[in-house]
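Beneath this line is the structure, given in structure tokens, with notes to follow.
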2 protein chains.
Amino acid sequence: MQNIQNLLDNTSLKKTPQRLTILKTIDKYGHIAIEDIYNEVKEQFPSISLATVYKNINALKEENILSEIHPKDVKPKFEITKKPHGHFVCKKCGEVYDFELQNSCQPSLDVIDNIEGSEVYLYGICKKCK
Amino acid sequence: MQNIQNLLDNTSLKKTPQRLTILKTIDKYGHIAIEDIYNEVKEQFPSISLATVYKNINALKEENILSEIHPKDVKPKFEITKKPHGHFVCKKCGEVYDFELQNSCQPSLDVIDNIEGSEVYLYGICKKCK
DNA sequence: GTCCATGCAAACGATTTGCATGCGT
DNA sequence: ACGCATGCAAATCGTTTGCATGGAC
């Protein structure tokens, strides 16, 4: 993983300690929900506000530094933006695993002009839970 | 499309006029958000409550008569449950189109025990908007 | 007649906003 | 010094709940 600091280099976003800690936390967990970011960052910044976490998440999404995923029956989670990939979600423990997308799934739909993005979620039980 | 009435046959759900109209509305539009169901049904039942729409949607999801989809940047929409398929979402007009899934996309992920469900969203511009 | 459904209002959880103060640049 | 960021409280949005009345069966 690249240096977290560099992620903000070509943006107008300032490198505040709170913001950097939010990014480090997301990087550490891979996929994490807002509340869990908040609770983790609060250990280092007890006075941080949930609103600050939300504002940061939105600013970082705006800059495409973060991506939001929203699997069924689970609260939205965030990850550092990487190259496109799918998400396997364990129905039991809720853990999210990345996987590589085969360049398949090309639909034969004549209403489509061009495809600019995709999301693939798979659901099941992970080996740890079995 | 099968008869809307029959959808409720093997359930404990009663065939109330409001419920049937909700189902007909979803069937008519293919994919539709709660608010839009509410506004459409209100033309026939001016006194219907948004809460009633929500309660019906939840009951019908419970019975697997409805499926929920939740593409990025769009409010949740509902459709009559059909066999598994993907959704193409136009970024401009928001319209959702079904497409057939090729049985591909099998991830090589050793954490997976077995796969029980999937969701595939594609995003782009539809020909109408181009 | 029973039980579920409806409709209203209130409650709720998640997210956003406004504003005064603080801090990175 | 300027402008964005933070933190707090209040506001907002989508959704759910409780309860009394009404309607399907």
Side-chain angles (χ1 to χ4, degrees), chain A residues 4-26 32-63 65-78 94, chain B residues 4-26 32-63 65-78 94:
Chain A
I4 290 297
Q5 305 253 349
N6 300 341
L7 290 173
L8 300 175
D9 278 347
N10 298 315
T11 72
S12 61
L13 301 177
K14 293 177 178 170
K15 296 177 185 175
T16 66
Q18 290 92 333
R19 179 168 291 153
L20 291 171
T21 304
I22 288 170
L23 279 170
K24 278 179 210 150
T25 301
I26 296 169
I32 182 168
I34 293 266
E35 279 283 331
D36 297 330
I37 298 170
Y38 174 61
N39 288 325
E40 176 105 0
V41 175
K42 207 163 47 170
E43 287 175 19
Q44 279 183 61
F45 298 91
S47 69
I48 198 173
S49 160
L50 191 47
T52 297
V53 180
Y54 273 103
K55 286 173 189 168
N56 271 289
I57 293 292
N58 286 336
L60 293 163
K61 272 204 298 183
E62 202 78 22
E63 297 286 350
I65 293 168
L66 293 185
S67 301
E68 181 170 0
I69 64 173
H70 198 167
K72 268 194 203 308
D73 305 323
V74 168
K75 287 186 188 167
K77 296 190 179 201
F78 299 86
Chain B
I4 290 296
Q5 304 254 348
N6 300 341
L7 290 173
L8 300 175
D9 277 348
N10 298 314
T11 72
S12 60
L13 301 176
K14 293 176 180 171
K15 296 176 186 176
T16 66
Q18 290 93 332
R19 178 167 291 155
L20 291 171
T21 304
I22 288 170
L23 279 171
K24 277 179 211 151
T25 301
I26 296 169
I32 182 169
I34 294 267
E35 278 284 331
D36 298 330
I37 298 170
Y38 174 61
N39 288 325
E40 175 104 0
V41 175
K42 207 162 46 169
E43 288 176 17
Q44 280 183 59
F45 299 91
S47 69
I48 198 174
S49 162
L50 191 47
T52 298
V53 180
Y54 274 103
K55 285 173 190 168
N56 271 289
I57 293 294
N58 286 334
L60 293 163
K61 271 205 299 183
E62 202 78 22
E63 297 286 349
I65 293 167
L66 294 184
S67 301
E68 180 169 0
I69 64 172
H70 198 167
K72 267 194 203 312
D73 305 322
V74 169
K75 288 185 189 168
K77 296 189 179 201
F78 299 86

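The basis for the numbers below is simple: all heavy atoms, side chains too, and nothing from hydrogens, waters or symmetry mates.
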message: Taking the nucleotide of DNA chain C with the nearest heavy atom to each, does B/Phe45 or A/Pro76 sit closer to the 5' end?
response: B/Phe45
Side-chain donor/acceptor contact of B/Lys55 with base of C/dG7 under 3.5 Å: yes
- prompt: With distance as the sole criterion, do the side chain of B/Lys15 and the base of D/dC25 form a donor-acceptor contact below 3.5 Å?
  reply: no
Using a cut-off of strictly less than 4.0 Å, decide whether [X] has a side-chain nitrogen or oxygen near OP1 or OP2 of [N].
{"X": "B/Ser47", "N": "C/dT6", "value": "no"}
{"X": "A/Tyr54", "N": "C/dT16", "value": "no"}
{"X": "A/Asn58", "N": "C/dT16", "value": "yes"}
{"X": "A/Thr52", "N": "D/dG7", "value": "yes"}

Contact check, side chains of B/Asn56 and B/Ile37, non-hydrogen atoms, under 4.5 Å: no
query: Which part of the nucleic acid, if any, lies within reach of B/Gln18 when heavy atoms closer than 4.0 Å are counted: base, sugar-phosphate only, or nothing?
result: sugar-phosphate
A/Pro46 or A/Leu13, whichever maps to the more 5' nucleotide of DNA chain D: A/Leu13
message: I'd like to know if A/Glu68 pairs up with B/Lys72 as an ion pair, taking the criterion as any Lys NZ or Arg NE/NH1/NH2 lying under 4.0 Å from an Asp or Glu carboxylate oxygen.
response: no
- prompt: At their closest point, which heavy atom of B/Leu13 faces which heavy atom of B/Arg19, and how far apart are they?
  reply: CB-NH1, 3.4 Å
